[in-house]
S.K.: 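Here's a structure for you.
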There are 2 protein chains.
Amino acid sequence: MQPEPAAPAASRPTLADVAAKAGVSASTASLAFSGSGPVSDATKQRVLDAAAALGYGGPDPRARSLRQGRSGIVGVVLEERVRAAFLDPVKIQMLDGITEGIAPLGAGLLLLTDTGEPGENAVNIESAPVDAVVLIGCSPRLAVSIEALRRRGIPAVAIEGDTGEGLPEISIDNHQATRRGADYLRKLGHTRVALVTLPFDAARTRGPLTPELEQSGTAATARDRLAGAREIFPDITGQVAGASSIEEGLEAARALLADPATRPTAIIAQSDLLAAGVIRAAEELGIAVPAELSVIGFDGIRVDGLQHDLTTLSQPSVAKGRAAGEAVVSLLAGESPESVCFTSTLHVGDTTAPPPAR
Amino acid sequence: MQPEPAAPAASRPTLADVAAKAGVSASTASLAFSGSGPVSDATKQRVLDAAAALGYGGPDPRARSLRQGRSGIVGVVLEERVRAAFLDPVKIQMLDGITEGIAPLGAGLLLLTDTGEPGENAVNIESAPVDAVVLIGCSPRLAVSIEALRRRGIPAVAIEGDTGEGLPEISIDNHQATRRGADYLRKLGHTRVALVTLPFDAARTRGPLTPELEQSGTAATARDRLAGAREIFPDITGQVAGASSIEEGLEAARALLADPATRPTAIIAQSDLLAAGVIRAAEELGIAVPAELSVIGFDGIRVDGLQHDLTTLSQPSVAKGRAAGEAVVSLLAGESPESVCFTSTLHVGDTTAPPPAR
DNA sequence: ATTCTAGGCCGAATCGATTCGAAGACGTCC
DNA sequence: GGACGTCTTCGAATCGATTCGGCCTAGAAT
């Protein structure tokens, strides 16, 4: 809009231009900006004035990070599309916690996905200017990602990932917690109990929980929670959902509840969103919760629009995120943080009751 | 853990090392990786093999972005702590939309805050390796931020920001929408109507809505929505909340509803979260909604735990984010995208009714 | 057989700042 | 008055890759 009176430079000024204008060397100008190193106040002021006069916007972060070898950015690798993560309250809470945990670094948070299609994203886990990353969830690509990070020398922390690679891991007692929930159902008198599980494999195959799928599965979370349920109900089976969402829970539950004759009296869902879908399916079919069907979830979030106080295994998502953030800080400080395993608590709401009398 | 058999290099291998091992020049090795440029398949394979042998993790993104002048990262500037944004469903929805909008770029999303304390964060709006940014909300620091971005030549898009600087802006009809909501209340018969507004100034001063605060305010959203209400109720006043949260709405409403004699028959809240707080305050005080108090919100989100179907001005948050993302794509393509103004729709729920008969 | 063409590869410059060792200026102490 | 120490400043190397112009060679065209 305004004419630039004395700006012959077509491109943006660099630190060298500022230095020239201030009559000092580039190194001195650099010191004036970064503050490290002894520079007289007079010189410093001259440099800053020159910068202002030239409209210099400060050191280029790209050049700076190349030279310094760090970018001040921490990556968060989501196993799904970023969009999807924003819809999952558990993920949001973890991000929240991570933010809190890495606050001392003053670092930015870069959201990444690990879809496995290298060409698709300009910035992916293999090529992102991050100083460290937090891996959320255990995608099947995890091993590949970890290998890539290792080669690049980028420290990483995993949340709920079965890395087996010596990364610090932040997890919860998936097995024990589900066992506790299942035991609660057993004590209520339930014997016909079914599962709605999280995806087992990379393809997020949905459908009946078959032994093959169980075997081929790579998702530790789904597997551990299943194992916990099996301790109480050795023959328990059910449906595998394609994701943690109300919609998927709805579909899975429709399949489980279709036949009144074989219908379970209780369903263990591996997430609260799935549980909400199960309850919705029950409503559709005119099945009363908890009178005719008990439902137990996992996570301990509030689900939009759900009228029930869900019985669930409440996990400290924010604390998990925070622990992961703190582990990152620790790693960057050259330490070797321990893995952390949180415990979930059984919250008894109004979606569980003794099975209907026959 | 494992001994590195033939790795004399103490530090990580670089492209030059790979090139040397493969017996080609660095430039050829670069071409082999980036794919651009004519390289014979044989040579390319030799380079890739050498890289694998050396455990080379691919080109350093820092060096690459320095040379190329872009980083493949889009920044999102939140006016509050990142944590806070995760608690606000409107923000989440916008982030969701932005993600969708910039998907064609394959860029990463870097979350930034603009607190104004330059030293606090290693990576802030003044020094983040971003190709473009989306500014969400109109912080008072906005002008400073925009100036910094302009100097650095980083294109930006503002959502709900009164930039006045020629940036593409994504907004909604705050004024008209609130006017419509207020008019609805007037037609129901309300005359004693009060406001619970969003913060007006940088300090997020809360308390009674005074003319001074109105004047000093820099927050365009709060101001526009206020002006819309004034068109219907010229003398309307109320409380200013310190943020968009249930807690703040609760506090503000307590003040408004304290005195039964002067109590309003309707409250216009400038966000749904605030409205939820208002309703909670009414519950506390034993005031029936909507029989004794009508409440109208703004946003059109679902509020956790709110039993009512809130009457509100429903705005397309996801679409706003998407539009912002698309504008970024357009800007990076060298075009000049237009500003976009969405319209909100009045959703009539069960929190509004005619005023109680006197 | 000679010239032209084009694919394939290399050398060197470049991106913009940071960092470290050394040199200069200035004042103090012996 | 000279040696020494400190405070500033400078020069040059470095970070790791990309890119552009040019050179070389093999095959095609005349």
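In this text, all values refer to a predicted model and were calculated from it rather than measured experimentally.
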S.K.: Counting just side-chain N and O atoms, does B/Tyr56 come under 4.0 Å of either OP1 or OP2 of D/dA17?
M.R.: yes
S.K.: Would you say the side chain of B/Ser27 and the base of C/dG11 hold a donor-acceptor pair, judged only by whether the two atoms sit under 3.5 Å apart?
M.R.: yes
S.K.: Within the supplied structure, the quantity of interest is the number of heavy atoms (other residues, nucleotides, ligands) at a distance under 6.0 Å from A/Glu147 CD; does it exceed 12?
M.R.: yes
S.K.: Is the phosphate of D/dT9 approached by A/Thr28 (side-chain N or O, under 4.0 Å from OP1 or OP2)?
M.R.: no
S.K.: If you compare every side-chain N and O of A/Ser25 against the phosphate oxygens of D/dC10 (OP1, OP2), does one of them come in below 4.0 Å?
M.R.: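 True: A/Ser25 side-chain N/O within range (under 4.0 Å) of D/dC10 OP1/OP2.
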S.K.: What nucleotide, of D/dT9, D/dA13, C/dC15, holds the atom closest to the side chain of A/Leu31?
M.R.: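 In terms of side-chain proximity for A/Leu31, the closest of D/dT9, D/dA13, C/dC15 is D/dT9.
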S.K.: For a quick test of reading the model: is some side-chain N or O of B/Arg64 closer than 4.0 Å to OP1 or OP2 of D/dT18?
M.R.: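 For B/Arg64, the contact criterion (side-chain N or O under 4.0 Å from OP1 or OP2 of D/dT18) is met.
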S.K.: Is there a donor-acceptor pair under 3.5 Å between the side chain of B/Asp88 and the backbone N or O of B/Ala85?
M.R.: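 The answer is no, because no donor-acceptor pair under 3.5 Å joins these two groups.
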S.K.: Given C/dC9, is OP1 or OP2 found less than 4.0 Å from the side-chain N or O atoms of B/Thr43?
M.R.: yes
S.K.: Regarding B/Thr14, tell me which of base, sugar-phosphate or nothing describes its non-hydrogen contacts under 4.0 Å with the strands shown.
M.R.: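 Sugar-phosphate contact only.
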S.K.: Does B/Ser40 make a side-chain N or O approach to OP1 or OP2 of C/dC9 shorter than 4.0 Å?
M.R.: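 For B/Ser40, the contact criterion (side-chain N or O under 4.0 Å from OP1 or OP2 of C/dC9) is met.
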S.K.: For the CZ atom on B/Arg204, are there more than 12 heavy atoms of other groups (residues, nucleotides or ligands in this structure) within a distance under 6.0 Å?
M.R.: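 Yes.
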S.K.: Nearest heavy atom decides the nucleotide; on that basis, is B/Gly23 or A/Ser34 closer to the 5' end of DNA chain C?
M.R.: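 Between the two, 5'-proximity favours B/Gly23.
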S.K.: Reading DNA chain C from 5' onward, which residue's closest nucleotide shows up sooner: B/Gln68 or B/Lys44?
M.R.: B/Lys44
